[in-house]
**Q** 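Supplied in structure tokens, the structure appears directly below.
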Amino acid sequence: MKKINKDPRIIVAVDFPSSGAALKLVSALDPELCRLKVGKEMFTRLGPAFIKQLRERDFEIFLDLKFHDIPNTVAAACDAAADLGVWMINLHASGGRRMMEAARERLERHARAPLLVAVTILTSLDRQDIAEVGYAGEPVDNVLRLARLTADAGLDGIVCSPQEAAPVRAQVPREFLLVTPGVRPGSTAVDDQRRVMTPRDALVAGADFLVIGRPITASPDPLASLRAILEEVAD
Ligand code: C5P
């Protein structure tokens, strides 16, 4: 089994329209205190060079590109992501068992493979939305089914809402990682998130890593906001 260093548990979502603004934020943060998440917008605009810039500042990177394609294509994409030296990557569990296994097997060729986690049901989808694409039942039932499939396929964990963390945690092995966005410290704005939890409650519910964006990135003092969250969860 992989030896996973859980600290730091906070992953700051770097969502900016330009590298200048992103690097200004990153310069204010500390790789001892957080990891960074780079998503589709920044990666599509700035590519591998941006990842290199962040790694040169000693940050570990979650490359959040949510791959979903045929097994061979996703395995090759994961291979390319691993070559960037990132810490964590992800794909959609709905791509199926063979797709997930192909990705995991390809990463086994890397001496320092990134952690591989799966998105189960996007938290933006409600019961009606998932019914429309053909999934019966409540979102949480589908999250549980896809979490078990992900664990069976030998991946390292899933991305889920903190509100799903407790039921998932009850059904998967202890070492299976739960990565949760939708986290808001008590004193900050909810923004466009709907189903939020505080950092402390998310960890108590069983989350291993917390993805937090605007409460830190939109703060006048991002490092102070990060430290305040770390203090809130310290005990
Ligand atoms: O600013 P905020 O804390 O809402 O940012 C959360 C980050 O997590 C964003 O990058 C968002 O795209 C991402 N995310 C999410 N909900 C998901 C998956 C990813 O908010 N279900």
Side-chain angles (χ1 to χ4, degrees), residues 8-18 21-22 25-26 28-29 34-46 50-51 54 59-68 86-95 115-127 129-130 133 135 138-140 142-144 146-147 150 157-165 167-168 177-203 205 207-220 222 225-226 228-230 232-233:
R9 286 174 185 263
I10 294 183
I11 305 171
V12 177
V14 183
D15 296 314
F16 288 96
S18 71
L25 164 80
V26 168
L29 297 175
C34 66
R35 290 165 160 129
L36 303 176
K37 179 176 87 69
V38 174
K40 288 188 173 85
E41 179 189 6
M42 296 224 71
F43 193 73
T44 303
R45 285 192 193 282
L46 304 168
F50 181 60
I51 301 295
L54 299 182
F59 285 93
E60 290 192 309
I61 312 296
F62 172 16
L63 186 60
D64 176 21
L65 299 182
K66 300 188 181 72
F67 297 132
H68 190 177
V86 294
W87 164 74
M88 176 180 277
I89 60 177
N90 60 356
L91 43 66
H92 275 281
S94 56
L115 294 168
L116 178 62
V117 298
V119 176
T120 51
I121 300 289
L122 292 169
T123 50
S124 52
L125 303 177
D126 64 17
R127 184 180 216 279
D129 295 318
I130 64 170
V133 292
Y135 291 178
E138 296 297 331
V140 68
N142 289 278
V143 170
L144 286 171
L146 290 166
T150 304
I158 60 165
V159 182
C160 65
S161 149
Q163 303 200 354
E164 290 145 6
V168 171
L177 302 173
L178 305 188
V179 181
T180 65
V183 176
R184 285 292 178 272
S187 55
T188 59
V190 170
D191 303 308
D192 54 352
Q193 297 281 11
R194 288 292 170 270
R195 300 170 63 227
V196 298
M197 263 195 193
T198 66
R200 177 200 285 261
D201 288 348
L203 292 173
D208 297 288
F209 297 108
L210 310 177
V211 175
I212 305 179
R214 288 159 291 180
I216 295 169
T217 60
S219 159
S225 299
L226 172 61
I229 296 170
L230 289 168
E232 190 180 321
V233 300

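Values below: all heavy atoms of this structure, side chains included; hydrogens, waters and symmetry mates excluded. Order of listing sets the numbers, starting from 1, for every ligand and every atom in it.
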**Q** Do Leu65 and Ile89 have side chains that get closer than 4.5 Å, going by heavy atoms?
**A**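 No. Closest side-chain heavy atoms not under 4.5 Å.
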**Q** Go through ligand 1 atom by atom and flag the ones less than 4.0 Å from a non-hydrogen atom of Gly213.
**A**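 So the atoms of ligand 1 that pass are 1 (O), 2 (P), 3 (O), 5 (O).
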**Q** Got the closest protein heavy atom to atom 21 (N) of ligand 1, with its distance?
**A** Thr123 OG1, 2.6 Å
**Q** When you measure from the side chain of Thr44 to the backbone N and O of Lys40, does any donor-acceptor pair fall under 3.5 Å?
**A** yes
**Q** With no hydrogens and no angle check, is any side-chain donor or acceptor of Arg9 less than 3.5 Å from a backbone partner on Leu210?
**A** no
**Q** Nearest protein heavy-atom contact for atom 20 (O) of ligand 1: which residue, which atom, what distance?
**A** Gln193 NE2, 2.8 Å
**Q** Quick one: nearest non-hydrogen protein atom to atom 7 (C) of ligand 1, plus distance?
**A** Ala13 CB, 3.7 Å
**Q** Would you mind telling me if ligand 1 is within reach of the side chain of Leu122, the backbone, both or neither, using heavy atoms under 4.0 Å?
**A** neither
**Q** Evaluate the side-chain proximity of Val196 to Val183: yes if any heavy-atom separation is below 4.5 Å, no if none is.
**A** no
**Q** Are any of the side-chain nitrogens in Arg35 or Glu60 under 4.0 Å away from the carboxylate oxygens of its partner?
**A**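 Result for this pair is yes, salt bridge flagged.
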**Q** Would you say Val211 touches ligand 1, if touching means a heavy atom closer than 4.0 Å?
**A** yes
**Q** Hey, is ligand 1 close enough to Asp64 that some N/O pair sits below 3.5 Å?
**A** no
**Q** What is the nearest protein non-hydrogen atom to atom 11 (C) of ligand 1, stated with its residue, atom name and distance?
**A**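 Checked against all protein heavy atoms, atom 11 (C) of ligand 1 sits closest to Lys37 NZ, 4.4 Å.
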**Q** Test your reading of the structure: does Pro215 have an N or O sitting under 3.5 Å from an N or O of ligand 1?
**A**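 Looking only at distances, the answer is no, because the N/O contact criterion of under 3.5 Å is not met.
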**Q** Between Asn90 (side chain only) and Phe67 (backbone N and O only), is there a donor and an acceptor less than 3.5 Å apart?
**A** no
**Q** Using modelled atom types only, decide if a donor and an acceptor are shared between the side chain of Ser219 and the backbone of Pro215 within a distance under 3.5 Å.
**A**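 No; judged by distance alone, with no hydrogens or angles, the pair does not exist.
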**Q** Side chain, backbone, both or neither: which part of Asp15 comes within less than 4.0 Å of ligand 1 when only heavy atoms are counted?
**A** side chain
**Q** Could you tell me, atom by atom, which parts of ligand 1 come under 4.0 Å of a heavy atom of Arg214?
**A**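 Answer for ligand 1: 1 (O), 2 (P), 3 (O), 4 (O).
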**Q** Which pair of heavy atoms, one from Val38 and one from Phe43, lies closest together, and at what distance?
**A** CG1-N, 4.1 Å
**Q** Suppose we measure from atom 2 (P) of ligand 1 to each protein heavy atom; which comes out shortest, and what is that distance?
**A** Arg184 NH2, 3.4 Å
**Q** How close does the nearest protein non-hydrogen atom get to atom 15 (C) of ligand 1, and which residue and atom is it?
**A** Pro181 CB, 3.5 Å
**Q** Between the side chain of Arg127 and the main-chain N/O of Glu138, is any donor-acceptor distance below 3.5 Å?
**A** no
